Number of protein chains: 2
Amino acid sequence: MSDVTGTASPRLPGLSATLVFKLGTLGTVATDRFTRALETFDLGLKPKHIGLLVALGAGAATSQQELAARMGVAPSLVVSLADHLEELQAVRRVRDPQDRRRQVLTLTDEGRRLLDRCETASRDLDADLTAELTDAQRAALGEALQLLADRVGLP
Amino acid sequence: MSDVTGTASPRLPGLSATLVFKLGTLGTVATDRFTRALETFDLGLKPKHIGLLVALGAGAATSQQELAARMGVAPSLVVSLADHLEELQAVRRVRDPQDRRRQVLTLTDEGRRLLDRCETASRDLDADLTAELTDAQRAALGEALQLLADRVGLP
DNA sequence: CGGATATCGTTCAGTGATCGAATGAAGCGG
DNA sequence: CCGCTTCATTCGATCACTGAACGATATCCG
């Protein structure tokens, strides 16, 4: 009966039914939980630190500029993240002999251990988060999110 | 010698294959895009403002404390968000006659219009984001995300 | 009734994350 | 050699957000 025009009252679906909205809110929740998990390590690390390690683990040794570009943050932020990670021996900072302006970052064994701990923690969070999903749903979700990530050009 | 495709260890999947990681990164992207869309409105609004409108639209008139609890932010933040939205005539602030300490917020028609604009913008972002998904995937994704949202107690 | 206590909204100062501009060292083109 | 660019770093500024203090109101209990 109601609106043939179709514009008046799409109030039931609503903004909160859109993907961007759900992704935004769930993303915050996910990041919060991961942040709390990180805090239990008691190393003063934030998600961005781990993001740096991940961006580093992907390819070979990388300059800080390159890292900043990959992560979408200011180069000056990479400095402080790398400072902290270097103190923890998770990364090594070496001047590139071919171009002595560049600081080449590489992942150390300690950094790999740290990444493993994060992976374990993340899997635990995943399990808790998806407790009410079927295996098929879990798989479909992971697949779909991966497609979105590819679409926007992420790791 | 050590890498290449031989390692059957759980190193290949990696942290970036976990849901929390994907949700975190995609959540940031989604929020960034929504933020940019909001900026085109040129009303000085941030996602949190819209979050307040959504939290408000859900139920009836609500006190600021209640809103703060729902949104998981400090009551003092609700003050400034509501200040801005009130200037834009998107919400009305009225002292509760039953309890004159409480400021009761209600969504105005202007606020509803604003929400509609946001919904339209979000649907556009959704369409772009999921351009490479099949309809079935899109549906499954929305469903799964809704289950996660329910699981963690979100709108 | 009346004083102690709790609650609501508001203000304000402080903190943390992030950025942008300025700086200095190093490379590069002519 | 000399300007021009690029890299890392430092530093000051900004923005969102919080927590503590405050005043006004409400509620409880003797």
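Fair warning: this is a prediction, and the values are worked out from it, not measured in the lab. Chain letters run A, B, ... following the sequence lines, proteins first and then strands; every chain starts at 1.
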Given atom [atom1] of [X] and atom [atom2] of [N], what is their separation to the nearest angstrom?
X	N	atom1	atom2	value
B/K46	D/dA16	NZ	C1'	9 Å
B/L77	D/dC15	CG	P	16 Å
B/R102	D/dT27	CZ	C1'	14 Å
A/R95	C/dG24	CZ	C1'	11 Å

Quick check on [N]: is either OP1 or OP2 less than 4.0 Å from any side-chain nitrogen or oxygen of [X]?
X	N	value
B/Q98	D/dA26	no
A/R93	D/dT9	yes
A/K48	C/dA17	no
A/Q103	D/dC7	no
B/Q65	C/dG9	yes

TODO: From the options D/dT18, C/dC19, D/dT25, select the nucleotide whose nearest atom is closest to the side chain of A/V73.
DONE: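 My answer, after comparing the listed nucleotides, is C/dC19.
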* Asked: If you check the B/V79 side chain, which of C/dC19, C/dG9, D/dC7 turns out closest?
  ->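 Looking only at side-chain atoms, B/V79 lies closest to C/dG9.
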Exercise. Please figure out whether A/S76 or A/D99 has its closest DNA chain D nucleotide nearer the 5' end.
Key: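 Of the two residues, A/D99 wins.
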Check: Does the side chain of A/Q64 pick up a donor-acceptor pair with the side chain of A/R93 at under 3.5 Å?
Finding: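 Yes, side-chain donor-acceptor contact under 3.5 Å.
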Within-4.5 Å side-chain heavy-atom neighbours: [X] and [Y]:
X	Y	value
B/S63	B/E66	yes
A/L26	B/V152	yes
A/M71	A/L81	yes

Take atom CZ in B/R138; do more than 12 heavy atoms of anything else shown fall under 6.0 Å from it?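 Yes.
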Pick base, sugar-phosphate or nothing for A/S80, based on heavy-atom distances below 4.0 Å to the nucleic acid.
->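 Contact class for A/S80: none.
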Exercise for the section: Give B/V78 one of three labels, base, sugar-phosphate or nothing, depending on what nucleic acid heavy atoms sit under 4.0 Å from its own. Expected result: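 Nothing, no heavy atom under 4.0 Å.
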Q | Divergence of helical axes at both termini of the helix from C/dC1-D/dG30 to C/dG30-D/dC1 - five pairs an end, 10° steps | A |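 One end axis against the other gives 10°.
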* Asked: Is any side-chain N or O of A/R101 under 3.5 Å from a base N or O of D/dT6, one able to act as donor and the other as acceptor?
  ->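 Per atom types, the contact qualifies.
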### Polar side-chain atom of A/D96 near backbone of A/R101 as donor-acceptor pair, under 3.5 Å
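Side chain of A/D96 to backbone of A/R101, a donor-acceptor pair under 3.5 Å: no, none is there.
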